[in-house]
There are 2 protein chains.
Amino acid sequence: MTKSIDPLEVDFRALQVLVWVHQLRSFTRAAEELGVNQSAVSYTINKLREVFRDPLFVRQARSLHATPRCEDIVIQAKRLTAEFRQLAAPPDFDPGTVSQKFTIACNFYERVLIIPEIVHTLKGEAPNLQLEIIDASGRGHERLLRNEADLLIGPLERSDPHLYRRDLYQDRYVCLFDPAHPKASAPLDLEDYLKLDHVLVTYGGHWRSRYIVELERMGLELKVALKVPSPAGLERIVAGSRLVATIPERLSKSVGADLRVVTCPVHTSVTIGLAWTTVNHRAPLNMWVREMIYRLNARARKGG
Amino acid sequence: MTKSIDPLEVDFRALQVLVWVHQLRSFTRAAEELGVNQSAVSYTINKLREVFRDPLFVRQARSLHATPRCEDIVIQAKRLTAEFRQLAAPPDFDPGTVSQKFTIACNFYERVLIIPEIVHTLKGEAPNLQLEIIDASGRGHERLLRNEADLLIGPLERSDPHLYRRDLYQDRYVCLFDPAHPKASAPLDLEDYLKLDHVLVTYGGHWRSRYIVELERMGLELKVALKVPSPAGLERIVAGSRLVATIPERLSKSVGADLRVVTCPVHTSVTIGLAWTTVNHRAPLNMWVREMIYRLNARARKGG
DNA sequence: TGGTTGGCATCGAATTTTTTGATGCTGTGC
DNA sequence: GCACAGCATCAAAAAATTCGATGCCAACCA
């Protein structure tokens with residue numbers, strides 16, 4: 001009779017039935033309200049009676065009275081269902097209130113060209129966001145998969161089956177010369193290019209710049225006079241020297257201020273894009289940040 | 001595919017499955033833990049995926065990763081299930097902390113003889129209880145059924161099918177005389193009793209004292225010289241007069257201080273008891289109060 | 001006092017949901 | 001490239017829920 005039913009097999013619909021019966025003081029009308037048979041309501045209330053070990057509702061004279069315990073349970077049930085509903089509702093993402101952590105992995109290029117604007121906009125629209133920029137160190141994919149970063153911005157090569165990606169724009173390569181360099185004024189052909197003394201930016205990790213890959217594909221090789229891990233300080237290296245550096249065009253706007261910029265004769269380009277994992281694919285914050293970055297780069301995408 | 005499942009048909013067991021999968025990072029081991037088939041876990045998680053419109057768990061390389069939304073949901077799910085468990089658990093009633101309202105209906109007799117001790121004990125053990133004593137006005141049953149009172153203490157007559165009851169003790173009737181009254185010293189027989197001038201305590205409502213009912217049953221009638229609604233002030237009415245009052249013995253200890261008390265020749269007694277409704281039958285507070293009152297009257301019950 | 005009625009309880013049948021066991025599929029590690 | 005781990009999926013079985021009909025009880029009415 002008073003067999004102990006595991007409380008866990010109560011569902012929120014049962015609580016809903018309880019609330020309606022309590023509200024309407026009638027099994028029959030609650031059943032109508034819920035669009036089910038009266039005996040289904042009876043069944044549900046009986047189950048709840050066993051779960052709570054309490055009569056919940058008793059008939060007194062004409063009307064149905066709720067026990068004190070029932071009153072209590074109804075109040076809690078309303079709260080629990082409301083909270084669960086809210087939990088189940090598609091999270092109405094509000095940038096203004098998010099206070100989550102968000103980590104972006106990227107490298108020098110993106111830190112100089114993309115990140116500042118992102119940070120500015122993000123901090124403006126989501127002031128409480130705990131934003132962190134980490135160095136991808138040429139291992140962006142790995143860091144994504146380890147959940148060390150929520151989003152990777154960088155030059156994307158192969159399409160990794162584990163990652164989602166979205167391209168932002170393509171960037172051509174240009175060569176940086178000291179303005180006094182003999183080849184600095186004329187258009188540069190491939191033959192001349194190969195004769196120059198090059199500063200090679202390795203970008204640290206396993207990354208190999210697209211123009212290097214392209215040259216290799218053609219069976220050619222660069223005369224590398226100096227290797228540097230990043231374009232930081234590149235300007236002062238090239239200035240006043242015979243060295244030539246090949247870097248993405250957009251980067252030259254930043255680091256090539258007083259240098260001569262000439263189109264690179266190796267016709268290829270690097271694709272800058274976003275990458276993320278399935279874990280974050282549907283996360284509202286991640287989606288929102290992705291969308292924002294994509295929009296911020298709309299101009300660059302159109303070749304600006 | 002993304003069909004919208006009503007969140008209300010999620011039960012707490014499903015949330016439990018979610019929590020275990022999250023904990024163990026494995027459908028299979030969660031299934032073992034829960035003692036069900038792996039495909040049942042898969043089924044449940046799939047249902048939750050539809051409810052929450054989120055993958056919840058994604059496989060990445062070797063391991064199962066939880067989405068950010070999932071992390072959030074798990075935290076909430078733990079809280080909700082814990083709260084529901086507590087709600088479903090038989091309420092471990094603690095008098096020290098109850099702060100409910102509790103209303104006792106009774107009449108003059110009980111207010112004088114029983115209530116003071118009850119109030120004292122109740123306030124001692126349940127300091128936050130909001131206790132209210134209301135006058136039954138001879139309509140105690142009615143007030144109970146209307147939930148105006150949680151408990152009725154009084155002389156119980158017929159056994160009302162709607163009410164539960166528990167008897168406390170029985171009280172015989174005694175007669176109060178002015179000490180100077182000629183009949184005050186000797187034992188009183190029925191013949192003399194009927195010749196006396198009586199003060200009849202009506203107790204207000206529909207109540208008829210048991211000795212009156214008994215006399216009636218014998219076809220006898222009292223010479224009523226004065227009717228008063230309650231024993232309040234009875235002492236001063238009887239003192240210095242020829243009038244005789246018949247009241248329950250225990251009451252005479254309070255209101256008959258300077259009067260002569262003689263056993264009433266109508267051999268009957270009134271039963272004082274508790275009455276309550278089904279609504280409160282299983283309510284812990286009500287049960288606790290009932291038990292306490294019963295214990296407090298243990299002495300009286302043994303004829304003290 | 002007996003008939004009528006409103007409303008919850010209960011029963012067997014029908015329906016729906018959940019579980020099971022078997023099998024498929026995909027990515028990993030050797 | 002093969003074997004394995006582990007989730008997905010399928011059909012059948014089991015269990016839970018709902019339905020429609022009916023029972024039953026108390027209240028109300030004449």
Side-chain angles (χ1 to χ4, degrees), chain A residues 1 3 5-6 8-18 20-22 24-51 55-67 70 141-142 145 160-163 277-279, chain B residues 1 3 5-18 20-22 24-51 55-67 70 142 145 160-163 277-279:
Chain A
M1 191 104 291
K3 73 181 155 203
I5 281 206
D6 188 340
L8 290 184
E9 63 191 39
V10 171
D11 61 15
F12 287 97
R13 192 178 297 289
L15 294 184
Q16 212 52 18
V17 171
L18 180 78
W20 274 110
V21 170
H22 178 265
L24 300 175
R25 292 295 142 103
S26 160
F27 284 32
T28 309
R29 269 173 291 148
E32 284 167 13
E33 184 64 41
L34 293 160
V36 295
N37 197 306
Q38 169 264 315
S39 92
V41 171
S42 192
Y43 175 87
T44 301
I45 295 295
N46 265 325
K47 200 175 71 171
L48 292 174
R49 279 172 170 156
E50 286 174 7
V51 169
L56 300 177
F57 299 101
V58 294
R59 290 181 72 171
Q60 225 159 58
R62 198 73 175 156
S63 55
L64 204 63
H65 281 247
T67 64
C70 179
H141 289 60
E142 206 176 306
L145 293 177
D160 192 312
H162 296 311
L163 299 180
T277 64
T278 45
V279 165
Chain B
M1 190 105 291
K3 72 181 156 203
I5 280 205
D6 188 338
L8 290 184
E9 63 191 40
V10 172
D11 62 14
F12 288 97
R13 191 178 298 287
L15 294 184
Q16 213 51 17
V17 171
L18 180 78
W20 275 110
V21 169
H22 178 264
L24 301 175
R25 292 294 142 106
S26 160
F27 283 33
T28 309
R29 269 174 293 148
E32 283 167 15
E33 184 66 40
L34 293 160
V36 295
N37 197 306
Q38 170 264 314
S39 95
V41 171
S42 191
Y43 175 88
T44 300
I45 295 295
N46 265 326
K47 201 174 72 170
L48 292 175
R49 281 173 169 157
E50 285 174 6
V51 169
L56 300 177
F57 299 100
V58 295
R59 289 181 73 172
Q60 226 158 59
R62 199 79 177 149
S63 57
L64 204 63
H65 279 246
T67 64
C70 179
E142 205 176 307
L145 293 177
D160 192 312
H162 298 310
L163 299 181
T277 64
T278 46
V279 165

* Which heavy atom of B:Lys47 sits nearest a heavy atom of B:Glu9, and at what distance? -> NZ-O, 3.6 Å
* To do: Would you please classify the geometry between the A:Phe57 ring and the A:His22 ring as parallel, tilted or perpendicular, with 30° and 60° separating the classes?
  => tilted
* Stepwise side-chain contact (heavy atoms from CB on, under 4.5 Å) check, A:Tyr43 with A:Asn37 -> CA-CA 10 Å; A:Tyr43 175 87; A:Asn37 197 306; over 6 Å; no
* Which nucleotide of DNA chain D is the first, and which the last, in the 5' to 3' direction, to come under 4.0 Å of a heavy atom belonging to chain B? -> D:dA5 to D:dA27
* **Between C:dT19 (P) and A:Glu9 (CD): distance, integer Å** => 10 Å
* Asked: Closest nucleotide of DNA chain D for B:Ser42 versus for A:Asp11: which of these residues is on the 5' side?
  -> B:Ser42
* Asked: Considering only heavy atoms, which members of residues 26-39 of chain B lie under 4.0 Å from some atom of DNA chain D?
  -> B:Ser26, B:Phe27, B:Thr28, B:Gln38, B:Ser39
* Structure fact -> Closest heavy-atom pair, B:Cys70 versus B:Leu56, reported as atoms and distance to 0.1 Å, is CB-O, 3.2 Å
* Asked: How long is the line joining CG of A:Leu145 and C1' of C:dG27, in whole Å?
  -> 13 Å
* To do: Quick one: do A:Thr277 and A:Leu163 satisfy side-chain contact (heavy atoms from CB on, under 4.5 Å)? Show the steps, please.
  => CA-CA 5 Å; A:Thr277 64; A:Leu163 299 180; 3.6 Å; yes
* Length of the OH-C1' vector between B:Tyr43 and C:dT16, whole Å -> 9 Å
* Structure fact -> note: A:Phe12, atom CZ; C:dT17, atom P; distance rounded to Å ~ 18 Å
* **Rounded interatomic separation in angstrom, taking CG from A:Leu24 and C1' from C:dG6** => 16 Å
* To do: Taking all heavy atoms of A:His65 and all of B:Leu145, pick out the closest pair and write down the distance.
  => CE1-O, 3.9 Å
* To do: Please work out if A:Ala40 contacts a base, only the sugar-phosphate, or nothing of the nucleic acid, heavy-atom cut-off 4.0 Å.
  => sugar-phosphate
* Remember a base hit wins even if backbone is also touched, and classify A:Arg49 as base, sugar-phosphate or nothing at under 4.0 Å, heavy atoms. => sugar-phosphate
* Structure fact -> Paired with A:Val17, the side-chain contact (heavy atoms from CB on, under 4.5 Å) test is passed by just one of A:Leu48, A:Val41, A:Val36, namely A:Val41
* Do A:Leu64 and A:Val21 touch side chain to side chain, with heavy atoms closer than 4.5 Å? -> yes
* **B:Phe12 vs B:Gln16, side-chain contact (heavy atoms from CB on, under 4.5 Å): CA-CA, chis, key distance, verdict** => CA-CA 6 Å; B:Phe12 288 97; B:Gln16 213 51 17; over 6 Å; no
